[in-house]
Amino acid sequence: MNKRAKLTAFILAGAAVGMLGLSFAAEPLYSTFCRLTGFDGTPSVATAPSRRILDQVVRVRFDSNVDPGVPLSFRPTQEFVDVKLGATTLAFYEVTNTSDQPIKAMAAYNVAPDKAGAYFSKLECFCFKEKVFAPGVTEKLPVVFFVRPELADSFLDKDLQGITLSYTYYRSEKGIKASARLEDASAVN
């Protein structure tokens, strides 16, 4: 093979490896981008409550879903809440494991309309960690959030009819055995 053919083969192999690497990095990079910017209805995670509270009120509706085949009953304890912009709010969801087996699951979340994601901030949420639900047990799950007061200055405020906070529970891919090994390992340390 001549030098030119070897260089071409090397470049093509490098491009293929690079594209493969980017395909694996795409989802984590996109998820991080969404969490940081609120893009695609992804609420941000706040480390402290808002310092500013406005008299302007927005209605936050609650939605719940369960992936087909996951034996959980999941619902908000209230349909909606009217909150002042910047005010910290506590809401609850209830989940029941309707099977006779422990279920390890995690909730995915988003906010609608998508543009509102940049203004919706969670301080505490059951959706941050996987959880094992015991058979036949009902649990109350809290979410603490606020709607950023900057929403009042946004063009979105002019036509916003409300915000919907939606969760969907999925069975954890790691399963209960993996979680038990992690808990056993952390107990040893």
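What you see is a predicted model; the values in this text were computed from it and never measured.
- Under the 3.5 Å distance criterion, the side-chain polar atoms of Ser172 are left unmatched by any main-chain donor or acceptor of Lys104.
- Contacts classified as side chain to side chain donor-acceptor pair (under 3.5 Å) and involving residues 87-96 (residues at least two apart or in different chains) are given here: Arg75-Glu94, Thr96-Thr138.
- The distance from the OG atom of Ser50 to the NZ atom of Lys84 is 13.0 Å, given to the nearest 0.5 Å.
- Pro142 pairs by the side-chain contact (heavy atoms from CB on, under 4.5 Å) definition with Leu90, Phe92, Glu124, not counting sequence neighbours.
- In this structure, Pro135 and Pro102 approach most closely via the heavy-atom pair CG-N, 3.8 Å.
- When every heavy atom of Val60 is checked against every heavy atom of Leu165, the shortest pair comes out as CG1-CB, 4.4 Å.
- The distance from the CZ atom of Arg59 to the CZ atom of Phe80 is 3.5 Å, given to the nearest 0.5 Å.
- With values rounded to the nearest 0.5 angstrom, Asn110 atom CG is found 10.5 Å from Phe120 atom CZ.
- Using cut-offs of 30° and 60° for the angle between ring planes, the Tyr169 and Phe126 rings count as parallel.
- In the hydrophobic clustering (ILVMFWY side chains linked at under 4.5 Å, chained through shared members), Leu7 is joined by Ile11.
- Here the CZ atom belonging to Phe146 is positioned 10.0 Å from the CD1 atom belonging to Ile53, to the nearest 0.5 angstrom.
- The hydrophobic cluster containing Leu141 also contains Tyr109, counting ILVMFWY residues as joined when their side-chain heavy atoms lie under 4.5 angstrom apart, directly or transitively.
- Val66 and Tyr170 fall into different hydrophobic clusters, defined by Ile, Leu, Val, Met, Phe, Trp and Tyr side-chain heavy atoms under 4.5 Å apart, directly or through other members.
- Scanning all heavy atoms of the two residues, the minimum distance from Pro71 to Ile103 falls at CG-CD1, 3.6 Å.
- A 4.5 Å side-chain heavy-atom check between Ser166 and Val111 finds every atom pair outside the cut-off.
- Nearest heavy-atom pair across Glu139 and Lys131 is OE1-CE, 2.8 Å.
- Between Cys127 and Lys122, the shortest heavy-atom distance links the atoms SG-NZ, 3.4 Å.
- Between Pro149 and Leu54 the shortest heavy-atom distance is O-CD1, 3.6 Å.
- Counting non-hydrogen atoms of other residues, nucleotides and ligands closer than 6.0 Å to CG of Asp82 gives a total above 12.
- A donor-acceptor distance shorter than 3.5 angstrom exists from the side chain of Asn97 to the backbone of Gln101, with no hydrogens or angles considered.
- Although no hydrogens or angles enter the test, the distance criterion places no donor-acceptor pair under 3.5 Å between the side chain of Ser64 and the main chain of Tyr167.
- Between the CZ atom of Phe62 and the CD1 atom of Ile163 there is a distance of 10.5 Å, given to the nearest 0.5 Å.
- Tracing side-chain contacts under 4.5 Å through hydrophobic residues (I, L, V, M, F, W, Y), one reaches Val81 starting from Leu151; they form part of the same cluster.
- Rounding to the nearest 0.5 Å gives a distance of 9.0 Å between CG of Asp63 and CZ of Phe74.
- At least one side-chain heavy atom of Val58 sits under 4.5 Å from a side-chain heavy atom of Leu85.
- Judged by distance alone, the side chain of Asp67 and the main-chain N or O of Val70 form no donor-acceptor pair under 3.5 Å.
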